[in-house]
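Note on naming: letters A, B, ... go to the chains in the order of the sequence lines (proteins, then strands), and numbering restarts at 1 for each one. Just so you know, these numbers use all the heavy atoms, side chains as well, and skip hydrogens, waters and symmetry mates.
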Amino acid sequence: MRNVLIPALRDALVGLGVDPPVEIQIEQPAHREHGDFSSNVALVCAKSAGRNPRDLATQLAEALEQSPPPFVIAVEVAGPGFVNFRLDPAWLHQVVGAVVDAGDDYGRSAEGAGRKVLVEYVSANPTGPVHAGHARGAVYGDSLARILRFTGHDVSEEFYVNDRGVQMQVFAASLAARKAGEEPPEEGYRGAYITEWASEMPDGEDPLIWGEARALLDQREVLGDLGVAFDDWFSERRMVNSGAIDATLADLRDRDMAFDDDGAVWLRSTRFGDDKDRVLVKSDGEYTYLLPDIAYHRDKFDRGFDLLINVWGADHHGYVARMRAAIQALGHDPEAFEVVITQLVRLERDGVEVKISKRSGDLITMRDLLDEVGADAVRLTYLLQSVDSPQTVDLDLVVAQSNENPVFYVQMANARIHSIDRVAAERGLVRSPLDQVDLSVLTHDRELEVLRQLHALPDVVLLAWRERAPHKVTTWVRDLAGAVHGFYHDCPVLHPDTPDDLRQARWWLAESAGIGLRVGLGLVGASAPESM
RNA sequence: GCCCUCGUAGCUCAGUUGGAUAGAGCAGCGGACUUCUAAUCCGCCGGUCGCAGGUUCGAAUCCUGCCGAGGGCGCCA
């Protein structure tokens with residue numbers, strides 16, 4: 001519709017002797033009384049044209065009413081100078097065909113065609129189970145990847161396995177101690193899982209190797225149950241053993257971005273806006289955590305990715321500047337490296353905070369969260385909000401049966417649509433082919449509202465990608481569900497009083513709504529059961 | 001002290017990148033099933049968009065300064 005209205009406005013402006021702006025904005029007003037579409041061109045152009053915005057808008061409206069674009073039945077001026085378009089409801093009827101023809105591809109685009117993107121997320125240490133705090137980044141990263149694919153990007157998802165360094169040594173020592181029936185070392189891991197895993201560990205196994213495998217098995221399984229799967233679990237140890245560290249250091253030295261001082265090797269990160277230069281190799285010869293990380297990102301670029309998106313928890317944001325500096329030090333475009341910081345989730349039970357403490361052992365694991373809340377509810381609840389905002393989740397309210405739980409609302413809308421098909425089949429009713437159905441009988445506001453929502457999906461998906469904001473899809477699918485419930489309530493399909501032609505039209509409307517719900521739920525990674 | 005994110009209805013959160021009368025859900029009150037799932041729908045109640053300036057036709061949104069919350073500022077990861 002924009003593609004029709006924008007040229008019409010441009011022509012009208014030219015006809016009035018006004019230079020059209022580079023970009024003419026068309027929006028859908030929040031209030032229905034303001035029409036189906038609206039433009040602020042008159043306000044934008046008023047100054048440069050040296051005219052009163054309302055007068056300009058009035059002249060535009062008159063010109064457009066002379067030869068109205070398709071579907072436009074009225075052009076009105078309102079407020080300080082908005083040009084509002086009122087459309088024949090028929091413009092929405094074509095949405096049904098668009099949705100049905102595209103099916104599960106409705107809303108898919110090729111915007112990102114040819115771009116290779118790597119999304120790295122979760123990347124928890126392989127020293128224990130993933131905990132509840134990892135869930136937000138997990139569902140965010142996964143959903144973002146789904147949206148990237150849906151917008152045509154070539155996407156890979158990776159989990160960086162920090163399987164080297166001090167933490168791993170401590171983890172292995174803790175496992176070995178428990179196996180020997182002793183207490184873990186002073187700074188060791190004391191969680192109950194250590195004791196449990198130690199009892200599983202066969203004699204003669206290297207606790208580091210075995211322990212890592214055990215942790216990864218556990219993490220992979222839980223994340224899988226959450227619906228999250230990675231293309232690769234990238235091992236730091238394997239990378240270091242391959243000589244990537246030396247190659248990275250040599251590369252940095254060649255570029256004069258690394259230097260020796262005080263017995264250590266430093267990254268010249270201040271050259272790219274970092275607060276201070278950072279140590280890469282400590283004076284005792286050990287690498288800092290930074291150096292392997294740089295090597296990892298160098299490897300990502302070597303593999304031909306055009307865009308690297310990293311999803312990190314809020315506690316790592318201080319790390320962004322130095323990593324971006326390192327990217328630039330390697331000669332890469334800093335724009336090709338993005339970090340999405342997810343703010344913390346505060347878990348409550350009956351209004352009281354539940355602590356996710358790390359080493360003490362009494363932590364809420366992702367498994368606990370999944371068992372209590374369920375994967376679909378975790379995903380929808382977490383993805384309903386922007387990751388920029390700290391989030392509070394009350395576990396008691398999100399568990400099944402509660403109205404706080406968005407899962408039921410959305411999934412029930414889908415189930416209701418499928419119940420129409422089921423009951424229709426029982427009664428032996430048959431749906432006519434779409435091209436033989438007259439959709440013009442769809443005039444009820446409930447019907448039109450469903451179509452308006454469906455119409456919005458392609459824009460919503462693009463926005464979700466451009467803003468790295470999966471929650472836009474979640475709020476959309478919830479709104480669509482709301483429209484579906486209203487339609488279901490007020491517009492019976494199979495009721496004997498519903499005329500045949502209206503039944504057929506509504507049936508196809510329901511079909512397209514079901515497709516929309518399925519697509520939306522699919523993008524956030526939640527299931528769309530046909531009955532509840 | 002410096003940096004990041006945030007502050008919107010009693011609670012949890014949206015807000016189409018600067019648009020018109022700031023929206024949902026929950027909680028509260030009152031209604032709606034002889035109809036395809038009432039886990040639904042409708043109505044009412046509820047606001048100094050943290051505070052103060054500024055930018056302009058127009059600000060929850062942008063700029064500055066305060067106030068407040070969370071997180072971060074290691075030769076730790």
Side-chain angles (χ1 to χ4, degrees), chain A residues 25 27-31 33-34 38 40 43-44 46-47 52-54 78-82 84 125 162 165-168 262-266 275-276 278-284 286-290 293 313-321 341-344 346 348 351 381 384-394 397 400-409 411-413 415-424 426-427 429 446 456 459-460 463 466-467 471-472 474-475 478-479 481-482 484-498 503 506-507 510 531-532:
Chain A
Q25 291 180 32
E27 62 172 21
Q28 297 189 52
H31 299 278
E33 318 86 73
H34 294 141
S38 173
N40 61 356
L43 292 135
V44 173
K47 186 179 282 183
N52 176 305
R54 262 203 86 99
F82 289 101
N84 295 341
N125 286 342
N162 243 275
V166 184
Q167 291 306 315
M168 283 308 284
D262 219 6
V265 184
W266 299 71
D275 296 340
K276 52 185 84 167
R278 306 289 173 176
V279 173
L280 296 171
V281 184
K282 296 189 263 181
S283 48
D284 65 4
E286 271 295 315
Y287 307 140
T288 61
Y289 54 91
L290 183 59
D293 246 17
D315 54 341
H316 282 77
H317 98 258
Y319 194 48
V320 176
I341 296 294
T342 65
Q343 296 299 315
L344 298 184
R346 173 187 156 103
E348 291 183 347
T381 303
L384 204 45
Q385 293 166 23
S386 160
V387 289
D388 289 339
S389 301
Q391 185 177 23
T392 302
V393 173
D394 194 315
L397 293 179
Q401 310 302 327
S402 163
N403 288 331
E404 284 285 307
N405 188 337
V407 171
F408 293 101
Y409 190 75
Q411 291 187 338
M412 184 190 170
R416 284 179 137 181
I417 283 170
H418 282 92
S419 84
I420 295 172
D421 291 335
R422 267 195 308 278
V423 173
E426 285 166 14
R427 297 184 189 171
L429 294 168
R446 296 293 206 174
D459 284 344
V460 168
L463 206 61
R466 289 177 190 148
E467 299 185 18
H471 78 275
K472 304 244 178 208
T474 323
T475 53
R478 188 194 51 190
D479 290 346
V484 167
H485 282 306
F487 162 75
Y488 187 91
H489 191 269
D490 289 352
C491 304
V493 178
L494 304 180
H495 193 280
D497 292 346
T498 305
R503 163 162 35 252
R506 284 181 173 170
W507 202 346
S531 67
M532 293 183 70

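A distance of about 9 Å separates the P atoms of rA9(B) and rU48(B), rounded to the whole Å. rU55(B) and rA14(B): their P atoms are spaced 31 Å apart (whole Å). Taking atom P on both nucleotides, rG28(B) is separated from rG23(B) by 24 Å, rounded to a whole Å.
Side-chain to base pairing of H317(A) with rG71(B): one donor and one acceptor N or O lie within less than 3.5 Å of each other. A donor-acceptor contact under 3.5 Å links the side chain of D262(A) to the base of rC75(B).
At a cut-off of 3.5 Å, with distance as the only test, a side-chain donor of R416(A) or H485(A) sits close to an acceptor on the other residue. Using modelled atom types and a 3.5 Å distance limit, the side chains of Y319(A) and D293(A) yield a donor-acceptor pair.
When both distances must be under 3.5 Å, the Watson-Crick or G-U wobble mate of rC6(B) is rG68(B). Base pairing annotation: rG28(B) forms a Watson-Crick or G-U wobble pair with rC44(B), both donor-acceptor distances under 3.5 Å. Figure legend. rU55(B) is base-paired to no nucleotide; pairs are counted as Watson-Crick or G-U wobble with both atom distances under 3.5 Å.
Residue contacts for N40(A): at a heavy-atom cut-off of 4.0 Å it reaches a base atom on one of the strands shown. Using a 4.0 Å heavy-atom distance criterion, R346(A) is classed as making no nucleic acid contact.
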Distances under 3.5 Å only, N/O to N/O: pair up the protein atoms with those of nucleotides 8-15 of chain B.
| residue | atom | partner | partner atom | Å |
| --- | --- | --- | --- | --- |
| rC13(B) | OP1 | P390(A) | O | 3.4 |
| rC13(B) | OP1 | T392(A) | N | 2.5 |
| rC13(B) | O5' | Q385(A) | OE1 | 3.3 |
| rC13(B) | O5' | Q385(A) | NE2 | 3.4 |
| rA14(B) | OP1 | S386(A) | N | 2.7 |
| rG15(B) | OP1 | H471(A) | NE2 | 3.2 |
| rG15(B) | OP1 | K472(A) | NZ | 3.0 |

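Spacing between atom NZ of K276(A) and atom C1' of rC2(B) amounts to 10 Å, rounded to whole angstrom units.
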